[in-house]
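These notes concern the structure reproduced below.
Atom set for the values below is all heavy atoms of this structure, side chains included, hydrogens, waters and symmetry mates excluded. The sequence lines fix the lettering, A, B, ..., with proteins before strands; numbering per chain opens at 1.
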Amino acid sequence: MLQLPFIRDNKETVLAGLRKRHFPNADATVEQVLALDQQRRDTQRELDDILAQSNAKAGQIGALMKAGDKTAAEAAKVETASLKARSKDLADTLRQLEADQQSVLVTLPNIPHTSVPEGRSAEDNEVVLEHGEKPTLHAGAQPHWELIKKYDIIDFELGVKISGAGFPVYKGKGARIQRAMINFFLDEALKAGYIEVQPPIVVNEDSGFGTGQLPDKEGQMYYVTEDKLYLIPTAEVPITNIYRDVILPENQLPVKNVGYTPCFRREAGSWGAHVRGLNRLHQFDKVEIVRIEKPGNSYAALEEMSQHVQGLLQKLELPYRVLRLSGGDMGFTSALTYDMEVWSAAQQRWLEVSSVSNFETYQANRLRLRSKVEGKMQLLHTLNGSALALPRILASILENNQTSAGIRIPSVLVPYCGFDTIS
RNA sequence: GGAGAGAUGCCUGAGUGGCCGAAAGGAACAGUUUGCUAAACUGUCGUACUGGCAACGGUACCGAGGGUUCGAAUCCCUCUCUCUCCGCCA
């Protein structure tokens, strides 16, 4: 959520940012927020004034009672009645104005960083770099959904029986390579100084709001109505919410956490072409890195996280590219996002396997995550990135590393899974 | 799930209607003293909104939300959570 004083003082910056995102009705919305803010402040001022008068009267009455002057006290009580009625009205008005203001404020996305490319969609994303050689496959090479059947390592039909489409069952070497990747990713993060956490994988409404999934992405999460809990779409939600309502001592910064969790996404309305096999699932595994940084350091941290993710892809020997998302394609809460995509040789397309973002103070404002930096209380910056999401990595390994003899496991994973070939 | 107890500032903990934004101790921070460390002493030590160039003010907050009252941390109601005991259980 954008900070109100920031909108007040930087209206043009905010408007320019919203335009970059192609946010509809930017001008009207900002005007509305500012008008509500003015009303709110006027009301609060008036209310505070009335309350100050009431407090003074109450003090006087107390003094009179103590002095035993009942008559004067009773007379003073009568005078408080109108103040009381007025303050009640004003308090109601204030509450309403705050609620109205909040409801508009939550519809405003984050302001994009200056380096974010102009654009409406994924077409306009900037390719920052491409790394590695796209492999040439042997004749008869197959897409991963054929390979998993051929080697019997993932069973979609079985998942349908147990749960539904998009909930695959990993079997044998399929299950073992998943476990291997999780451990590999976690170990690499530990080496990079991240502290491992195991958060809950269902969260309450406050948590969903804190990181910005609610109210924006309500329909994308599975919801347990009986207990009012959401299945997490990413570990970002529970891990970042560890720091909700927290004032971190400056010497504890930066915070670097890593966690492995399953992730659940309803993906309502997004099924169609290009979603075969592992390309899009309702449940998948992901290792996530989360950082909390002082404002001045967050972009350096973002680059470091990008390098970390790229390091993983290099070690896995997968051709990849890095995109800087355009204003129109970026997530609601992000100020700058890099997407990492691996090459899927049989599908002949890039698959997103990581998204690394700096949210600046957008989440911190909702989370009330602050620190006293140089004596001044201020919102911190939150960042996170997938390091990495498993299914598409697996898809890419299967497709890129297939030979007529079987699938070669990247050497870095061999110690983790205990085999070097799927055949 | 049943019964009981409780929720106060970074922590412990006092506070049962006005003198309480809140005692006291601890921690932390700054300074004095000191060969270093420690100790001792002194000071600082909540957050949010809001007015003001500032100095300095106003308001709110003692789990959350309502209520009683001129006045609520303190009384009443509802909810949430925590702890103890019992039950169930990976």
Side-chain angles (χ1 to χ4, degrees), chain A residues 1-9 33-106 198-210 224-230 238 241-253 255 262 292 294 361 363-380:
Chain A
M1 198 159 61
L2 297 175
Q3 297 174 78
L4 207 37
F6 179 83
I7 302 177
R8 238 183 259 153
D9 299 338
V33 167
L34 290 176
L36 284 166
D37 180 48
Q38 189 59 53
Q39 286 179 55
R40 193 202 97 240
R41 281 192 290 167
D42 291 345
T43 305
Q44 172 151 14
R45 230 160 99 187
E46 201 181 336
L47 175 61
D48 285 356
D49 187 52
I50 299 276
L51 289 174
Q53 289 179 45
S54 293
N55 289 343
K57 270 280 181 269
Q60 286 167 22
I61 291 167
L64 289 170
M65 299 284 257
K66 192 162 269 179
D69 192 343
K70 278 238 175 224
T71 330
E74 288 305 322
K77 279 192 194 179
V78 177
E79 294 176 41
T80 62
S82 65
L83 289 175
K84 207 178 175 183
R86 183 78 186 123
S87 74
K88 215 178 169 87
D89 282 354
L90 286 167
D92 287 345
T93 308
L94 184 62
R95 216 193 321 271
Q96 189 57 51
L97 285 167
E98 278 169 351
D100 291 349
Q101 182 177 278
Q102 179 80 353
S103 67
V104 182
L105 218 42
V106 297
Q198 278 191 19
I201 59 172
V202 294
V203 295
N204 58 29
E205 188 182 350
D206 283 349
S207 294
F209 178 80
V224 183
T225 52
E226 184 78 5
D227 298 292
K228 297 188 162 69
L229 293 170
Y230 294 86
N241 270 280
I242 291 172
Y243 306 95
R244 170 153 49 84
D245 279 312
V246 166
I247 299 173
L248 283 170
E250 194 174 355
N251 63 16
Q252 281 183 26
L253 295 170
V255 168
I292 298 168
K294 285 194 219 177
T361 60
Q363 292 181 329
N365 192 29
R366 292 179 166 215
L367 294 161
R368 294 171 298 276
L369 165 55
R370 295 159 295 170
S371 181
K372 211 167 244 181
V373 179
E374 281 142 27
K376 244 193 99 183
M377 193 63 78
Q378 55 182 274
L379 294 173
L380 292 168

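- By the side chain to side chain donor-acceptor pair (under 3.5 Å) test, A/Ser207 pairs with A/Asn204, A/Arg244, sequence neighbours left out.
- Counting to the nearest Å, the P atom of B/U47 and the CG atom of A/Leu379 are 13 Å from each other.
- Residues that satisfy the side chain to side chain donor-acceptor pair (under 3.5 Å) test with A/Asp89, not counting sequence neighbours, are absent from this structure.
- Distance check on atom C1': B/A60 versus B/U33 gives 43 Å, rounded to whole Å.
- With sequence neighbours excluded, no residue forms a side chain to side chain donor-acceptor pair (under 3.5 Å) with A/Gln198.
- For residues 94-105 of chain A, the salt bridge (charged side-chain N to carboxylate O under 4.0 Å, His left out) pairs, not counting sequence neighbours, are A/Asp92-A/Arg95.
- The separation between A/Gln252 atom CD and B/C29 atom P is 13 Å, rounded to whole Å.
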Report all side-chain donor-acceptor pairs from residues 49-57 of chain A shorter than 3.5 Å, counting only partners two or more places apart or in another chain.
| from | atom 1 | to | atom 2 | distance (Å) |
| --- | --- | --- | --- | --- |
| A/Asp49 | OD2 | A/Gln53 | NE2 | 3.4 |
| A/Ser54 | OG | A/Ile50 | O | 3.3 |
| A/Asn55 | ND2 | A/Leu51 | O | 3.4 |
| A/Lys57 | NZ | A/Glu79 | OE1 | 3.2 |

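- Taking atom C1' on both nucleotides, B/G65 is separated from B/C11 by 28 Å, rounded to a whole Å.
- Separating the CD atom of A/Gln3 from the C1' atom of B/A48 is a distance of 13 Å, rounded to the nearest angstrom.
- Whole-Å rounding puts the A/Gln39 CD to B/C49 C1' distance at 17 Å.
- Pair check for B/G57 finds B/U50; Watson-Crick or G-U wobble, both atom distances under 3.5 Å.
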So which protein N/O to nucleotides 19-23 of chain B N/O distances come out below 3.5 Å?
none

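- The side chain of A/Arg368 contributes no N or O atom lying less than 4.0 Å from OP1 or OP2 of B/U47.
- Atom CE in A/Met377 sits roughly 8 Å away from atom C1' in B/G46 (whole-Å rounding).
- Closest approach of A/Ile61 to A/Ala76, counting heavy atoms only: CG1-CB, 3.6 Å.
- For B/U50, the OP1/OP2 oxygens have a side-chain nitrogen or oxygen of A/Arg8 closer than 4.0 Å.
- Nucleotide B/U32 has B/A40 as its partner under the Watson-Crick or G-U criteria, with both atom distances under 3.5 Å.
- Remark: B/C81 base-pairs with B/G6. Criterion, Watson-Crick or G-U wobble with two distances under 3.5 Å.
- With a cut-off of 3.5 Å on both Watson-Crick or G-U wobble distances, the partner of B/A72 is given as none.
- Rounded to whole Å, the separation between the P atoms of B/C10 and B/G6 comes to 24 Å.
- No more than 12 heavy atoms of other residues, nucleotides or ligands sit less than 6.0 Å from atom CD of A/Glu205.
- Among the protein residues, A/Lys372 comes within range of the sugar-phosphate backbone only, with heavy atoms under 4.0 Å from sugar or phosphate atoms but none that close to a base.
- Expressed to the nearest 0.5 Å, how far CG of A/Leu369 lies from CD1 of A/Ile242 amounts to 11.5 Å.
- Atom pair A/Gln378:CD and B/U47:C1' shows a separation of 16 Å (rounding to whole Å applied).
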I'd like to compare against my own output: the B/S/- annotation of nucleotides 53-71 of chain B with a strict under-4.0 Å heavy-atom distance to protein. -----BSS-----SS-BBS

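- Distance check: A/Thr361 OG1 to A/Gln378 CD gives 10.0 Å after rounding to the nearest 0.5 Å.
- Proximity of A/Arg370 to the phosphate of B/A48: a side-chain N or O atom is located under 4.0 Å from OP1 or OP2.
- Residues satisfying the salt bridge (Lys or Arg N to Asp or Glu O under 4.0 Å) test with A/Glu46, not counting sequence neighbours, are A/Arg86.
- When both distances must be under 3.5 Å, the Watson-Crick or G-U wobble mate of B/C62 does not exist.
- Taking atom CD1 of A/Ile50 as the reference point, atom C1' of B/G51 lies 16 Å away to the nearest angstrom.
- Spacing between B/U68 and B/U59 at atom P, rounded to whole Å, works out to 22 Å.
- Here the P atom of nucleotide B/G46 and the CD1 atom of A/Ile247 are 11 Å apart, to the nearest Å.
- Legend: residues meeting side chain to side chain donor-acceptor pair (under 3.5 Å) with A/Gln38, ordered by chain and number and at least two apart, are A/Arg41, A/Asp42.
- Spacing between B/U16 and B/U69 at atom C1', rounded to whole Å, works out to 15 Å.
- The partner of B/A23, taking Watson-Crick or G-U wobble pairs whose two distances both stay under 3.5 Å, does not exist in any strand shown.
- Spacing of P atoms, B/A23 relative to B/C19, comes out at 13 Å, to the nearest Å.
- Rounded to whole Å, the C1' atom of B/G63 lies 7 Å from the corresponding atom of B/C81.
- Rounded to a whole angstrom, the distance from the C1' atom of B/U12 to that of B/G17 is 27 Å.
- Pair assignment for B/C88: none, as no Watson-Crick or G-U wobble contacts are both less than 3.5 Å.
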